[in-house]
Amino acid sequence: MGWGDLGVFGEPSRETPNLDKMASEGMLFPNFYTANPLCSPSRAALLTGRLPIRNGFYTTNSHARNAYTPQEIMGGIPDSEVLFPELLKKAGYVNKIIGKWHLGHRPSYHPLRRGFDEWFGSPNCHFGPYDNKQRPNIPVYRDWDMVGRYYEDFNIDHKTGESNLTQIYLQEALEFINRQAGDQQPFFLYWSIDATHAPVYASRPFLGTSRRGLYGDAVREIDFSIGKILGLLNQKDIIKDTFVFFTSDNGAALISAPMQGGSNGPFLCGKQTTFEGGMRVPGIAWWPGHVAPGQVSYQLGSIMDLFTTSLSLAGVEIPKDRAIDGIDLSPVILESEETERPIFYYRGNELMAVRLGQHKAHYWTWSNSWEELSQGINFCPGQNITGVTTHVQVEHSINPLLFHLGRDPGEKYSISVLSTEYEAALSRISPVVQQHRNSMVPGEPQLNVCDLAVMNWSPPGCEKLGKCLTPPQSNPWKCVWPH
């Protein structure tokens, strides 16, 4: 389970008692990473165990650009990719996704075609409202068919931030767990909620209850919901048979702060960037009876590891016909072992940085353009670091910028190229980068072409509700990704 645009954990507080309890009863990963600084590619990486540049969730329209799946995108998760719910299903699991899918909204990309048995949620972000003429409102699905649209049947009040979506998603989760527990059926639940993604929302009982404004209200409601889910697992006496992992698909979106965005604590910048604030995310493993309580592992972990780890724990063979970037974390989680591995920071089609051990080497730096910054679009507010948070794309391949993240988590003080530390660190990192580049076979990019005609005009089930809309004439174009 997890959600988007979440910041780092700080000291235990009254704001997130259930997450704090989950961490105290399991294993906390302070060095856990997403696979991309944006939501869609990270979700594709989670479910395939592969970097977005391998599974096609990137663009080649411009260099090092973040791309995702707005409703005008034509692409989605390719049929050639193997998703771990597909493999779990073959092993007898019942799989449900609740919340945002984000891997393609056209019928051919429907999650029930990709190993999920049930779905309640939406194919895209909850942006809107739209006029259903220039753009349609985003549909909400139950299984194969839409059951309404955001802002029409599932309201989000932009003025107050009120919406009961998280409560709906919670009840969906509880009902699913109850049903599978009653049938003694192995299951996989992907609780993919998005209340902390702008426009942020919370239900009425949580509005105004946090010291962090509306964003804090949303976090508190999610924390409450996680407490209910873990409580039900305990009540049904299946906690020793149920592995739970909590994480996020990217760092907090500082551009939406302070009311609509979170905090990345000591880390540099936020969502959209390959600095630590954009890609280091919370990670909690919870499995009473198997994971010893109160552990902190400094193992470098990735969201892609959940693919490999979940299959391993389920006794399902890992695919051998393709490169898998996720590693099996079960020895870490169950036996507190650690292994050295790199973390690759991609932005679109470019390898921007690599972490190995405590050292991180930047081969490219870029926050966003001067043009965007002049328009008030800032992914690093209050964090201008000369030569690092650059507003043009700067290549550092000859002499990568090197940071020691243990003593400098904010990436403020680059290590001198003349130092022995620099020489020693690069002697370890450079061969890893070279081997990675030599073996990389990019997938066909899925996020290059847009067309207004493929938006959510007439999703499956719209005719039953009288909510089918007439699409415009098809006129594809190369999507423009500004950052």
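None of these values were measured; they are calculated from a predicted model.
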| Got a donor-acceptor contact below 3.5 angstrom from the His126 side chain to the Pro199 backbone? | yes
| task | Mind telling me whether Phe120 and Phe154 have parallel, tilted or perpendicular rings, with 30° and 60° as the class edges? | result | perpendicular
| task | State yes or no: are the ring centers of Phe187 and Phe176 separated by less than 6.0 Å? | result | yes
| task | Tell me whether the centres of the aromatic rings in His63 and Trp364 are closer together than 6.0 Å. | result | yes
| request: First locate atom CD of Glu276, then atom CG of Asn31, and finally report the distance between them rounded to the nearest 0.5 Å. | output: 8.0 Å
| query | About how many Å separate CG of Leu329 and OG of Ser297, when rounded to the nearest 0.5 Å? | reply | 8.0 Å
| said: For a quick check under 3.5 Å, do His362 and Glu411 share a side-chain donor-acceptor pair by atom type? | reply: yes
| Do Gln71 and Asn456 have side-chain atoms, one donor and one acceptor, less than 3.5 Å apart? | yes
| said: Below 30° counts as parallel, above 60° as perpendicular, anything between as tilted: where do the rings of Phe84 and Phe188 land? | reply: tilted
| said: Whether the side chain of Arg220 engages the backbone of Ser210 through a donor-acceptor N/O pair (distance < 3.5 Å, no angle test) should be reported. | reply: no
| Test item: side-chain donor near acceptor, Ser122 and Tyr150, under 3.5 Å | yes
| task | Working to the nearest 0.5 Å, report the span between NE2 of His110 and OH of Tyr141. | result | 5.5 Å
| Quick check: are the SG atoms of Cys479 and Cys450 less than 2.5 Å apart? | yes
| request: Return the orientation label for the Tyr33 and Tyr345 ring planes: parallel under 30°, perpendicular over 60°, tilted otherwise. | output: perpendicular
| request: Taking atom types as modelled, find out whether Asn124 and Thr69 have a side-chain donor-acceptor pair closer than 3.5 angstrom. | output: no
